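Below is one structure, written out as structure tokens, with a few remarks after it.
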Amino acid sequence: MTTAPEILGTLHNIRTVAVAELDGVEDDATLEAWRIAYLGRREGRLTLIMRTMASLDAEERRSVGVQANDVKALLESQFEAKSEELKAAKLAQSAKEGRLDVTLPGRRPALGRLHPITQTMREITRAFISMGFQVVEGPEVELDHYNFGMLNIPKGHPARDMFDTLWLDHTNPDGERELLLRTHTSPMQARIMEATQPPVRVVVPGRVYRFEATDATHEWHFTQVEGLAVDEGITFANLKGTLYEFARLLFGPERRVRFRCDFFPFVEPGVDMSIDCFSCDGAGAPDCRICRGSGWIEIMGAGMVHPRVLDMSGIDHTQYTGFAFGMGVERIAMLKHGIDDIRYFYSNDARFLRQF
Amino acid sequence: MAMNVPLSWLRAYVDVDIPVDQLAHRLTMAGIEVGGVEQIGGWTNCYVGHVLDVGPHPNADRLRLCTVDIGEERLQVVCGAPNVAEQQKIAFAKVGATLFNTHSGKVEPLKAAKIRGVTSEGMICSVLELGIGEEHDGILVLPDDAPMGMPLAEYLGDTVLELEVTANRPDCFSVLGVAREVAAFSGTQVAEPDAAYPEDGPPIEEQAAVEIADPELCARYTGALLTGISIGPSPEWLRERLTRAGQRPINNIVDVTNYVMLETGQPLHAFDFDKVADRRIIVRQARAGEKHVTLDGVERELAPPMVVIADPEKAVGLGGVMGGANTEVTEETRTILLESASFHPFNTRRTADELKLRTEASLRFEKGWRQGLPPVGLRRAMKLMMEVAGGVAAKGIIDVYPDRPEAQTITLTAERMQKVLGVTVPMAEAARTLTSLGIACRLVGDDALVAEPPPWRADITIEDDLVEEVVRVIGYDDVPTAPLAAPIPLSTPDPAQSVKEEVRDLLASIGMQEIITYSMVSERALELAFRGAEPPAPPMRAFNPISLEHECLRTSLRPGLLRTLAANQRHEGVPQWYFEVGKEFIFYGEGLPNERQKAAGVLSGPGAQASWATSEATTGFYDAKGVLESLCDRLGVAPSFEPLDDPFYYPGRAAAVTADGERIGELGEVHPEALDAFDVRGEGAVYFEVDLAALTAAVPQAERRFRGPSVYPEALRDLALVVGMDVPASRVQEIIEQHPLVVRTTLFDVYAGEQVGAGVRSLAYRVSLQAQDRTLTAEEVQRTMDRLLSRLERELGAVQRQG
């Protein structure tokens, strides 16, 4: 038989010893051993002592029970606190040992790039798509008829001098050399108008060819984007509006544009469009490498579709009007990225390509 | 076409009251591009001097001692020029002036010097020393009215506009043409040059005859006769203008022909008429093999339809291009026939090309017919010739013009202007602008005008040409800016195009760099790329190739890709995975070639950039195959791969790719000899190509249908098989995946070696089984696996791998 005072004495003793022991605990295993020693459900000292309370009478049992529960609650809460403390210490320790050098290079998934001409071409076509133009493509090997004749440049026309032509070594049954590498994307104007009645609103990206010596600003093989809009009521004002919007989309909303008279046999009136220099902000700084001091950069040719071109393609020029434009993609890419030699594009030097 | 216009010359016809930079800007905006502005002069310490006296040099017979008055002071100078004389006005350079030193060949400051013991306080200059001409056989003699003491820069200085003239504006290949442009934007009129001269001789018909044998090639021929002339150097003003415009003075008659060509745009030629047999000119086609010595002293063999100017015995000139040596104007010439004609533009061009003799004359004729111009140039030149060479002009001119067209008029309406420009200009303003340009016009009511294009403008033929004339002068800034207002036309996008762009994006996104190579390659490069395989068609050759490297249109993308790989292998640490989307040109002998759009790639070396965190695995066949599989997967295409025999590839390491039984592409390890041929180094390369049209055709038309994922659990089982070496792995997988409960199969191990024995290999699959409507029981899963195994045994001889 154990008396209530004995039990109370033991409880007090357990409490003192347990708390003191817990204070010295420094790792999870000792902590677990402590828990089992005192709070273990089978052999824990507190559990055992509480079992001995069964021999007390009801009155005593209640008052000892209250005290026993107080001790138990105390030990449990101290156990929780210790457990938290150890966890925090462990994390602090591992954080200290497991630091990463966050400046080491990352493990990058392979990533390729599009050729800068593809990127620029997409930028250009995207701008026109946003204005309702559709993208179509055409053949690079063309007939004299489409490359010149249908564009108001008949055989012997002095304007043929504007287009140094790469001819293919092939003659038709009449002995005429009629196949060439298109000198511009403009033949698609005629092909599209022959195939479609207005309204027409298209852009034509593609490669073009010139029989020309190569230097920093000339390639014999380059890329153009052609545009054509034909409908009732289209005017030069619409040409200006469309190309102004394009210039702002491509070169920034603050850009200004300028149109000057120029000659292309398949448009009348014919113009070229310049944007104010984005490098010197149109100031025309004498040492500006982009505009060479003029303040303006020519970026494309344009004009109202020549009435004869409309008529030849089967579109009545008294009913319909239209505008056309064309630009060199390389030139635009060179301007945008400050590339000073067109020959980089087709050298395909990886050190060049990886910069875009 | 380039044309140099001295400002001093331009001012002879029109007032220029704006600064040069503004003038250049206005001309450029109106379509006459000013490519450059050159300042002539800028001399310092140089003055207009007056030669007071000329005496002998005490120590040298060939030198003279001159006293020159430059207003402020009188200076003593030694001069060696034979043409120095008292009372001349000359260009005098004081010590310190910067001039061209003819001894050193450099531009340097003039120093004080003692010449044969006599101090010279400066120099009387030649045009060469002043840098305004090439002659150095005498000093420059200035007109008598040159103001003594005036700084030379002020008196002789000039500005030359360097114009780039477009092909439609040969009229601006003349000073007068440019003057009309200036007049138009200044709102003034040009002062037409004087072309009146006395015709005191006998009627020209009595002294000369002209006949055009081929009016198609020479539409008009005008001629005038001048007798009793004295040939000599031109006066200084004439020489100066020619020099500044870039022409070399020759003699007074020839100089006038050149001057008037530069002034009016009409080429002219003067024949020594005493050397023309029978005093008769016949304009005819050259005979085949006809020989003729042109003015440059070169004997040329001619052929029809070149045009010659001939007398009854011989050719005396090459029509539209150059005169003949046999009738050249020399110092002895006393009578000239002046020719001013219109030659066929293209024929002139072709003649000049074939003879490699493009002249100032031919350049002007080839830009288009201007049949009204010959008499204008003729009369102006006669007037000037009489002024500088004397002589008596025959009465009247010859004007042979067999098919004179009716005068053409063009109506311009406000309505059309509105329709083309979106704005209209008051007709009165339009008329003023056109008149300034020399286009005569009269108003018809308020809303129209009738214009008559002048003889020097061949480019104005339709109403819209007049619209341009008006708007280019007024300026395009005055046209409003308006977006397209019409509804967007309905369009059906081309699927091939979106597939092409998707392929580009996909290949780039999996680590490949896009390249763009030339579409023309050498024939040899194609041979090396086909390695004896039958090409789809012989390549098309250029008639005038850029170079041997680019003589043929490519029938394969292989050379471009392999070349790029080889060139870039020099650069360390760069991933060598490249692709190109481009065309192959397959020509079947007629029509246009088939331009086959392809996406092709070459892979070599490690895929991702080698670094501390990646292994150095080298690219192989399965990398390229993986690229193609991903590509097809993305597009919803199910590809099949069959072994391919093609000499471009390493034997046994190439596959043809098909979808729905149609060939869409191929891939393989490139044959080592092909790699060598293109200088590719290293451990090999894999090549693939896809025909984009075929790929597009294989893309399913229907939209993808959604299928909800099963809510029931998946059972995973491994299946390790041993199969014969000749059993394609794709066949094994196909059989497994045909089972309706199999949702996924992964081949996770392939092994061949002693553990399984010779002639066979082990393939290990992880198989996922799942039903849409229930949880599979363990028995069901086991049954399924047993069935799969027995089917594989039966059809492929596969057995379960033991242990």
Side-chain angles (χ1 to χ4, degrees), chain A residues 105 107-108 110-115 117-118 131-132 134-137 139-141 156 158-159 161-162 166-170 177 199-201 207 211 220-221 229 231 233-238 240-242 244-245 259-263 268-269 271 304 307 321 345-346 348-351 353-354, chain B residues 28-31 166-168 345-346 366-368 419-423 462 464-465 467-468 471-472 476 479-484 486 488-489 491 497 504 507-508 510-519 540-544 546 564 568 571 574 577 583 585 592-593 595 607-608 611 613-614:
Chain A
R107 213 170 285 148
R108 296 169 62 162
L111 185 66
R113 288 174 170 81
L114 294 175
H115 193 282
I117 289 302
T118 303
M131 292 184 267
Q134 188 199 343
V135 179
V136 294
E137 291 182 21
E140 290 173 32
V141 175
D161 266 10
M162 296 164 68
L166 254 168
W167 294 91
L168 291 169
D169 191 9
H170 175 77
R177 192 170 296 113
V200 169
R201 214 185 282 187
R207 289 189 198 188
F211 182 69
W220 62 271
H221 168 291
D231 202 346
I234 288 188
T235 67
F236 195 91
N238 299 136
K240 281 183 75 176
T242 304
Y244 176 50
E245 187 60 22
F259 294 85
R260 62 171 283 266
C261 175
D262 202 353
F263 170 62
E268 187 73 26
V271 291
M304 299 301 290
T321 46
F345 291 112
Y346 304 112
N348 291 303
D349 186 324
R351 294 167 301 174
L353 297 174
R354 292 168 80 206
Chain B
T28 300
M29 296 304 283
T166 52
N168 60 328
F346 183 55
E366 71 182 40
K367 301 301 177 200
K419 192 163 184 170
V420 173
L421 297 179
V423 69
I462 61 169
D464 289 8
D465 294 329
V467 172
E468 180 178 67
V471 70
R472 75 181 177 87
Y476 288 97
V479 178
T481 299
L484 280 169
I488 293 170
S491 62
Q497 228 168 76
R504 276 191 167 126
L507 292 177
I510 53 186
M512 303 196 73
Q513 168 68 53
E514 188 189 18
I515 61 169
I516 301 179
T517 67
Y518 292 119
S519 336
M540 297 184 88
R541 307 179 68 91
F543 173 74
N544 51 338
I546 283 286
T564 303
N568 278 319
H571 311 308
V574 176
W577 286 29
K583 287 173 170 177
F585 298 82
L592 292 177
E595 299 187 7
S611 82
T614 53

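All values below come from the heavy atoms of this structure, side chains included, with hydrogens, waters and symmetry mates left out. Quick note on labels: first sequence line is chain A, next is B, and so on, each numbered from 1. The structure displayed is predicted, hence computed values, not measured ones.
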Looking at [atom1] of [X] and [atom2] of [Y], how far apart are the two atoms once the value is rounded to the nearest 0.5 Å?
X: His115(A); Y: Arg504(B); atom1: NE2; atom2: CZ; value: 10.0 Å
X: Glu514(B); Y: Asn348(A); atom1: CD; atom2: CG; value: 9.0 Å
X: Leu114(A); Y: Ile515(B); atom1: CG; atom2: CD1; value: 13.0 Å
X: Phe263(A); Y: Arg472(B); atom1: CZ; atom2: CZ; value: 12.5 Å
X: Met29(B); Y: Cys261(A); atom1: CE; atom2: SG; value: 10.0 Å
X: Leu507(B); Y: Arg113(A); atom1: CG; atom2: CZ; value: 15.5 Å

Does a side-chain heavy-atom distance below 4.5 Å link [X] with [Y]?
X: Ile546(B); Y: Phe211(A); result: yes
X: Pro139(A); Y: Glu595(B); result: yes
X: Ile516(B); Y: Thr118(A); result: yes
X: Gln134(A); Y: Ile488(B); result: no
X: Pro307(A); Y: Ile462(B); result: yes
X: Pro269(A); Y: Tyr476(B); result: yes

Can you tell which part of [X] gets under 4.5 Å to a heavy atom of chain A, answering side chain, backbone, both or neither?
X: Val479(B); result: both
X: Asn568(B); result: side chain
X: Thr564(B); result: side chain
X: Ala482(B); result: both
X: Pro483(B); result: backbone

To check you understand the geometry: which heavy-atom pair defines the closest contact between [X] and [Y], and what is its length?
X: Ala159(A); Y: Ala167(B); answer: CA-CB, 4.3 Å
X: Ser519(B); Y: Arg207(A); answer: OG-NH1, 3.1 Å
X: Glu366(B); Y: Pro158(A); answer: O-CB, 3.6 Å
X: Gln513(B); Y: Leu353(A); answer: NE2-CB, 3.5 Å

Side chain [X], main chain [Y], donor-acceptor under 3.5 Å:
X: Asn544(B); Y: Leu166(A); value: no
X: Lys419(B); Y: Thr321(A); value: no
X: His170(A); Y: Met540(B); value: no

(request) Using the six-membered ring wherever Trp is involved, compare the ring planes of Tyr346(A) and Tyr518(B) and label them parallel, tilted or perpendicular (cut-offs 30° and 60°). (result) tilted
(message) Strictly below 4.0 Å, N to O, side chains only: are Glu140(A) and Lys583(B) in salt-bridge contact?
(response)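 The answer is yes: the pair qualifies as a salt bridge.
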In terms of heavy-atom pairs under 4.5 Å, which option from [options] contacts chain A the most?
options: Val423(B), Asp465(B), Leu592(B), Leu484(B); result: Leu484(B)
options: Thr166(B), Val467(B), Asp464(B); result: Asp464(B)
options: Ala508(B), Pro593(B), Pro345(B), Ala486(B); result: Ala508(B)

(message) Using a 6.0 Å cut-off, check whether atom CZ of Phe346(B) has over 12 heavy atoms from anything other than its own residue.
(response) yes
Pairs of heavy atoms under 4.5 Å with chain B: top-ranked of [options]:
options: Leu168(A), Leu111(A), Thr242(A); answer: Leu168(A)
options: Met304(A), Met162(A), Glu137(A), Glu245(A); answer: Glu137(A)
options: Ile117(A), Val200(A), Val135(A); answer: Val135(A)

(message) Determine whether Leu421(B) and Thr235(A) satisfy the following criterion, side-chain contact (heavy atoms from CB on, under 4.5 Å), listing intermediate values before the conclusion.
(response) CA-CA 5 Å; Leu421(B) 297 179; Thr235(A) 67; 5.9 Å; no
(request) State, without any angle test, whether Thr28(B) and Arg260(A) hold a side-chain donor-acceptor pair at a distance under 3.5 Å. (result)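 Their side chains do not contain a donor-acceptor pair, so the 3.5 Å distance test is not met.
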(request) Check whether Asp231(A) gets within reach of chain B through its side chain, its backbone, both or neither, counting any heavy atom under 4.5 Å. (result) side chain
